[in-house]
There are 2 protein chains.
Amino acid sequence: MSEIKYLNALSVDCVIFGFDEGELKALLIKRKEEPSSGMWALPGGFVEPTESLDNAAMRVLSELTSIPDMYMEQVYTFGGVNRYPLGRVISVSYYALVKISDYKIQATSKIEDVAWLPLSEIKELVFDHKEILQKALSTLKERVKFHPVGFELLPEKFTLTQLQNLYEVILGVLLDKRNFRKKLLGMDLIIKLDESQIGVAHRAARFFKFDPERYKEWLAQGFNFKL
Amino acid sequence: MSEIKYLNALSVDCVIFGFDEGELKALLIKRKEEPSSGMWALPGGFVEPTESLDNAAMRVLSELTSIPDMYMEQVYTFGGVNRYPLGRVISVSYYALVKISDYKIQATSKIEDVAWLPLSEIKELVFDHKEILQKALSTLKERVKFHPVGFELLPEKFTLTQLQNLYEVILGVLLDKRNFRKKLLGMDLIIKLDESQIGVAHRAARFFKFDPERYKEWLAQGFNFKL
DNA sequence: GCAAAAGTGTTTCATTTACACCCATGT
DNA sequence: ACATGGGTGTAAATGAAACACTTTTGC
């Protein structure tokens, strides 16, 4: 560790998750440049010598979206020798959770196309990006079992059915409606609002919001989120 | 991502955990070179352009110990701009679990001293290594709750009291002896041997070993290790 | 009035917790 | 015989799982 010996290229790649139409989606870009022009890829970029990894990840996100302070977490660092075809590049991966309704694209010149793709429809990505996506998803799954981060994916006001649906999609299981509601209401984490859906062709659902105080507590200490 | 733009120095740092005399310990080296000569540090080294991150971590371990195939897992990547005083170095951290009885030092010329230090006695480490150690420990804590990795720290044959003691030390809680035994024996994970302690000034404890088949199952699927 | 989703309690079962005494061995 | 840790079971409480019908709204 005394003399700096080798230099390596270092990138960050971000898996940006959103929840929309009952599906979990990722924000992908279609590459405009070689290698692998025309394929879908995770948003990413090289780490500049003067920025921390977290800052690099935030920069990548803000070049693409205009969302302030979204939830973001480092996932894993991929360092296979041949993961990138043009030379050795190590990738530090992050995932971010965004309220998809807040989302606004800021297209940049390098990018041909940007889209929210449902995870179920993502077949192939450039390089090892599919593997990075899988790892981010499994990290999210683990995280969501014990910390209330799933809420970052919902709008400010949401119904209990939306919330249940979100957990079902992330965890890949079906949950019992009554047990789910019992558990969540018992956690004192959400607050019932005086507002309901309008214009729906069935009984209107109540909206809820999070109690930010309790949210912070649960986020720090974790819980046993067995539903 | 198309042209490789910036180069960064990249190191791996390893937190090597061992369990001995009822304590959790880490294998540290005393630096012989500047900067911070004479201070304790995590074993680490620069990542060579031709090796994967995992290989770099294994190389660091094998330069120090002669243990084949120990349990190893990536923890986190530290990329603060000023974490290393002589220039920008990003550190990918790993933790390893070793059966301390197997351990044999292979001193190298650069190292002044190598020692197993109990975590409770580790006050200060070079650079941000203390932070890396903390992160590795909290990752281990999380891991051990749902996967049977703690067993990697024990010798082939162990007593239930040793096992309980290990969990108590890692998790930082006291466990009930009867409940602990009930749970573990019910998991079908350990096998009672026909061998007991000898020469102890009290009733001799039975030795147990792991069932490697079940061990692999539990390792893959995880469990809810609420003790 | 019909379709579609919202909302609501109770019982059963499994898991977790709390708890205290006798046993084997070396000195 | 005494000190030291090994080994064992039961009851109470908590948490999870299973389960079906009524309500509200738009068409």
Side-chain angles (χ1 to χ4, degrees), chain A residues 21-23 144-146 148 154-155 157-169 171-209 218 221-227, chain B residues 19-23 144-146 148 154-155 157-169 171-209 218 221-227:
Chain A
E21 297 165 342
E23 282 184 303
V144 99
K145 282 180 191 164
F146 304 104
L154 292 175
K157 297 170 185 176
F158 52 88
T159 68
L160 289 180
T161 301
Q162 283 180 298
L163 183 58
Q164 177 176 345
N165 196 228
L166 173 62
Y167 274 95
E168 288 178 332
V169 169
L171 298 174
V173 295
L174 291 177
L175 302 171
D176 179 273
K177 186 163 57 160
R178 279 177 288 191
N179 291 337
F180 181 84
R181 291 158 114 89
K182 209 187 312 166
K183 177 105 181 197
L184 260 128
L185 293 171
M187 286 175 71
D188 250 14
L189 179 57
I190 56 180
I191 297 170
K192 191 188 246 182
L193 299 176
D194 287 329
E195 199 181 339
S196 299
Q197 290 178 316
I198 43 172
V200 288
H202 53 77
R203 177 170 174 179
R206 262 310 177 80
F207 284 118
F208 289 77
K209 66 166 189 170
W218 286 115
Q221 76 185 35
F223 52 73
N224 202 336
F225 211 15
K226 190 141 195 188
L227 301 162
Chain B
F19 179 67
D20 191 28
E21 298 165 340
E23 283 184 302
V144 98
K145 281 180 191 163
F146 305 103
L154 292 175
K157 297 169 186 175
F158 53 87
T159 68
L160 289 180
T161 300
Q162 283 179 298
L163 184 58
Q164 178 178 343
N165 196 227
L166 173 62
Y167 275 95
E168 290 179 332
V169 169
L171 298 174
V173 294
L174 290 177
L175 303 171
D176 180 273
K177 186 162 57 160
R178 280 178 288 193
N179 293 337
F180 181 84
R181 290 156 116 90
K182 210 187 312 167
K183 177 105 183 200
L184 260 129
L185 293 171
M187 286 176 71
D188 250 15
L189 179 56
I190 56 180
I191 297 171
K192 191 187 247 182
L193 299 175
D194 286 331
E195 200 183 338
S196 300
Q197 290 180 315
I198 43 171
V200 288
H202 53 76
R203 178 169 174 179
R206 263 308 178 81
F207 284 117
F208 289 77
K209 65 165 190 170
W218 285 115
Q221 76 185 36
F223 51 74
N224 202 337
F225 212 13
K226 188 142 196 188
L227 302 163

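Naming convention: chains lettered A, B, ... in sequence-line order (proteins, then strands); numbering from 1 in each chain.
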For this session: Please confirm whether any donor atom in the side chain of B:Lys182 sits under 3.5 Å from an acceptor in the base of C:dT17, or the reverse.
Result: yes

Problem set entry | Plane angle bin for A:Phe223 and A:Trp218 - parallel if under 30°, tilted between 30 and 60°, otherwise perpendicular | perpendicular

Seminar exercise, completed: Of the candidates D:dG7, D:dA17, C:dG7, the side chain of A:Ala205 sits closest to C:dG7

For this session: Find out whether B:Leu171 and B:Lys145 are in side-chain contact, i.e. whether some heavy atom of one side chain is under 4.5 Å from a heavy atom of the other.
Result: yes

Exercise. B:Phe180 has an atom CZ; how far is it from atom P of C:dT16, in whole Å?
Worked result: 14 Å

Exercise. Does A:Arg178 get its side chain close enough to the base of D:dA17, under 3.5 Å, for a donor-acceptor pair?
Worked result: no

Problem set entry | Spacing between A:Gln164 atom CD and C:dT8 atom P, to the nearest angstrom | 14 Å

Seminar exercise, completed: Whole-Å distance, A:Phe207 CZ to C:dA6 P, equals 11 Å

Exercise. Taking all atoms of both residues into account, what is the closest heavy-atom pair of B:Ala204 and B:Gln197, and its distance?
Worked result: CB-O, 3.1 Å

Exercise. Which whole-number value in Å describes the distance from B:Arg181 CZ to C:dA20 P?
Worked result: 18 Å

Problem set entry | Most 5' of B:Leu160 and A:Val200 on DNA chain D, judged by nearest nucleotide | B:Leu160

For this session: For residues A:Leu185 and A:Phe208, report the shortest heavy-atom separation together with the two atoms involved.
Result: CD2-CE2, 3.9 Å

Exercise. What's the CD1-P distance between A:Ile198 and D:dT25, to the nearest Å?
Worked result: 12 Å

Exercise. Rounded to whole angstroms, how far apart are CG on B:Asp176 and P on C:dT15?
Worked result: 18 Å

Exercise. Of all the nucleotides listed (C:dT8, D:dT25, C:dT25), which has the minimum atom distance to the side chain of A:Ala204?
Worked result: D:dT25

Exercise. With a 4.5 Å limit on heavy-atom distance, are the side chains of A:Val144 and A:Leu166 in contact?
Worked result: no

For this session: Give the minimum heavy-atom separation between B:Gln164 and B:Leu175, together with the two atoms involved.
Result: NE2-O, 2.9 Å

Problem set entry | Touch class at under 4.0 angstrom, heavy-atom based, for B:Arg206 against every strand present | sugar-phosphate

Problem set entry | B:Leu174 CG to C:dT17 C1', straight-line distance once rounded to whole Å | 15 Å

Problem set entry | Minimum heavy-atom distance B:Lys157-B:Gln162, with the two atoms named | O-OE1, 4.4 Å

For this session: Please state how far atom CG in A:Leu175 lies from atom P in D:dA16, giving the value in whole angstrom units.
Result: 13 Å

Each nucleotide N or O in nucleotides 3-5 of chain D that has a protein N or O under 3.5 Å away: list the pair and distance.
{"from": "D:dT4", "atom 1": "O2", "to": "B:Ala201", "atom 2": "O", "distance (Å)": "3.4"}

